[in-house]
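On a predicted model such as this, the values are computed, not experimentally measured, just so you know. Whatever order the structure lists ligands and atoms in, that order sets their numbers, starting from 1.
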Amino acid sequence: MAGGRGQFSSRFGFVMAASGSAVGLGNIWGFPTQAASNGGAAFLLVYLLLAFLLAYPALMAELILGRHAHSNSVTALRKVSGSRLAAGIGAATGIAGFTVAGLILSFYAIVAGWMVAFCLSAVAELSGNQALASWLTSFGLWRNVFFLLLFLALTIAIVSAGVHDGIERWSRRLMPALLVTLIVLVAYVLTLEGAMTGLEVYLMPDFSRALSAQLILNALGSAFFSLSLGVGTMLIYGSYLSDEENLPLLGGIVTLVDVSIAVLAGFMVLPAMYVALHNGVEIFTASGVLISEDTLIFTVLPELFATIGLPGIVVSFTFFFLMSIAALTSSISMLEVPVAYVTEEYNAERHAAAWVIGGIIATIGCAILLNFDTLFGFIVTVTTRYSQPLLGFMFCVYAGWVWRRNSLLQELRKGYPQVEEGLFWKIWPWYVRVVCPLIILGIFAQSLFA
Ligand code: PFF
C-alpha cells in the first residue's frame, strides 16, 4: 500500500465500488430502449461482444495504470512516461480527465436530483400531501436547485469520509440494495398484463438492424460511457487496489456486473413500457419509435404507475429509489477523481478538498440549470461524446505504447504470477496498442460527422 493513501479492504469492496461507478443511469434508462429499437437480442449480442472485446481492454488499461502508480491519474501517466514530452502530455491528459469527470458530475447530479425528487414524491403522495408531491415532480427551478445541492451534498459526504469508510462502505451497502430492488421490480412488472409483449420486443433478434456499422459504433459509445471510461475513475479505483489482486479477473467481473445489470434492467423497462401501452399510455413518438430517455423516465413510467393505483405509488418509490442509488454510486466515483488529485498533489485535507471541489461543481450545476436549454445538451455532448472517447484513447496509448512492456508485465504478475501463460497476455497487449485506439478514433470520427 502506498503511503497514507486509502485502499479497498477487500476484493468484494472493490468490485462493489467499481461496478457501482459503472452501473448508473446509463444502464437503466439508456441500454434497454436502445436495445428494443435496434434489433432486440441481436443488439444485446453486439453489445456483449463489444463490452468484452473492446471496453474491457480499455478498462484494464486504466486499472493497471492506476494500480501500478498507486496514485491519481496525473501522476500515474507521468510515472510510466520515458520522456519529458510524454510526461507533460500524460499530466495534461490526467488534468483534462478530472475536469471532464467534474463536468459530467455537474449534469449527472441534476438528473440524479430529479430521481430523488420523484422518489420523495411517492412518499409525499402516500402520506396524503398532494401539494408537496406535485411540487416534487414539477421541474421548477427551485426544486431543481434544491435537489441538485442535496444530491451533491450526499456525494460529497461519502467521498469526504475516504476510500474505505466512505466509498467502499457505501458501495457495499448500496449495490446489493440496487440488485435486490431491480430483481423485485422485474418480478413485479412481469406479472402485469402486457408485459410479455415487451419481453418479445426486447428479445426478438433482428440481425439486419443490429449489424449496421452505425449501430455498432453507437453500442461501443454506450459501452464506454457505461464502464465510466476515459476520465480516470477506473484508474483511481485501481490505484486503491492491493498488489495481491488479479487485475484481469477483477476487471472481467466488473464488466460482467455492468453488462448484466443493463440486460436485467431491460427485463423491467421494456415490459413496463408495454404494460403502459396496454393501460392506454402512449409509448411511441410521432415518428413511430419507442419513447426513450427523459420522456420515458419522467412521463411514460409515472403515467404507468398512476394507472396501477396504490401499488403504483410503491412501485414508483422503488423505481426512483433504484435510480437514485445507481446515480449515487456513479457520482462518488466522478468526484473522487479531482479530490484524489488535489489531496495527493497539494497535500490538501480530503474533507476540505471534497467540499470545495463539490462546491465548484454545484456552482456549475446551478449555472446549467439557469441556462438549461443552451448548456445542458452542450455539456453532455462535449463530455460524453467527444471527451470520453478521446481521453480513453490516450489511456490506451499510454498503457500500450508509452509504458515499457516489461514494467507492465511485472505489474500484472503481482497478483497473477502465471499471467504470461494465459490468454490475457497473448491478446490484450496488442489489443490495447492497436485495436482499441483505432476503434476509439473510429467512434470519434463517427461522432464528429453524425
Ligand atoms: N457509468 C455511468 C453510467 O452508466 O451511468 C456514467 C459514468 C460514471 C460516466 C462515471 C463517467 C464516469 F466517470
Side-chain angles (χ1 to χ4, degrees), residues 16-35 47 50-51 55-56 58-59 62-63 66 72-73 93-94 96-112 114-115 151-152 155 158-159 167 171 174-175 178 182 218-239 254-255 257-266 269 292-294 297 322-341 357 361 379-392 395:
M16 289 300 102
S19 49
S21 167
V23 173
L25 301 176
N27 296 60
I28 301 173
W29 85 11
F31 173 79
T33 42
Q34 228 184 335
Y47 182 81
L50 290 176
Y56 166 70
L59 167 70
E62 285 199 35
L63 288 182
N72 63 79
S73 41
T93 304
F98 74 66
T99 311
V100 172
L103 283 175
I104 294 181
L105 182 54
S106 68
F107 75 76
Y108 205 82
I110 293 177
V111 181
W114 296 342
M115 301 295 172
F151 183 81
L152 276 177
T155 307
I158 294 178
V159 169
I167 297 175
S171 303
L174 295 174
M175 287 307 286
L178 178 141
L182 183 57
N218 277 348
L220 191 65
S222 328
F224 255 73
F225 180 74
S226 181
L227 275 174
S228 317
L229 297 176
V231 293
T233 49
M234 289 302 178
L235 189 150
I236 201 70
Y237 277 9
S239 80
V254 171
T255 311
V257 172
D258 182 53
V259 169
S260 311
I261 301 254
V263 173
L264 190 59
V269 173
S292 61
E293 298 181 357
D294 52 340
I297 303 291
L322 168 80
M323 294 300 257
S324 306
I325 296 181
L328 188 57
T329 50
S330 295
S331 65
I332 53 181
S333 73
M334 296 177 211
L335 182 60
E336 178 60 17
V337 187
V339 167
Y341 171 74
I357 296 170
I361 292 169
I379 294 192
V380 173
T381 310
V382 169
T383 53
T384 62
R385 222 162 138 191
Y386 301 118
S387 309
Q388 266 193 294
L390 265 192
L391 291 167
F395 283 112

The side-chain contact (heavy atoms from CB on, under 4.5 Å) partners of T329 (sequence neighbours excluded) come to L174, M175
Could you check whether any side-chain heavy atom of I104 comes within less than 4.5 Å of a side-chain heavy atom of Q388, counting everything from C-beta outward?
yes
By salt bridge (Lys or Arg N to Asp or Glu O under 4.0 Å), E336 pairs with (sequence neighbours left out) R350
By side-chain contact (heavy atoms from CB on, under 4.5 Å), A109 pairs with (sequence neighbours left out) L105, L148, F151, L152
Quick check: do V111 and M323 have side-chain heavy atoms less than 4.5 Å from each other?
no
Worksheet item: Any luck finding a side-chain donor-acceptor pair between S292 and T33 under 3.5 Å?
Response: no
Using a cut-off of under 3.5 Å, which N/O atoms of ligand 1 pair up with protein N/O atoms, and what distance separates each pair?
residue, atom, partner, partner atom, Å
ligand 1, 1 (N), S21, O, 3.2
ligand 1, 1 (N), A22, O, 2.9
ligand 1, 1 (N), F225, O, 3.0
ligand 1, 1 (N), S226, O, 3.0
ligand 1, 1 (N), S228, OG, 3.1
ligand 1, 4 (O), A22, O, 3.1
ligand 1, 4 (O), N27, OD1, 3.3
ligand 1, 5 (O), L25, N, 3.1
ligand 1, 5 (O), G26, N, 3.0
ligand 1, 5 (O), Y108, OH, 2.6

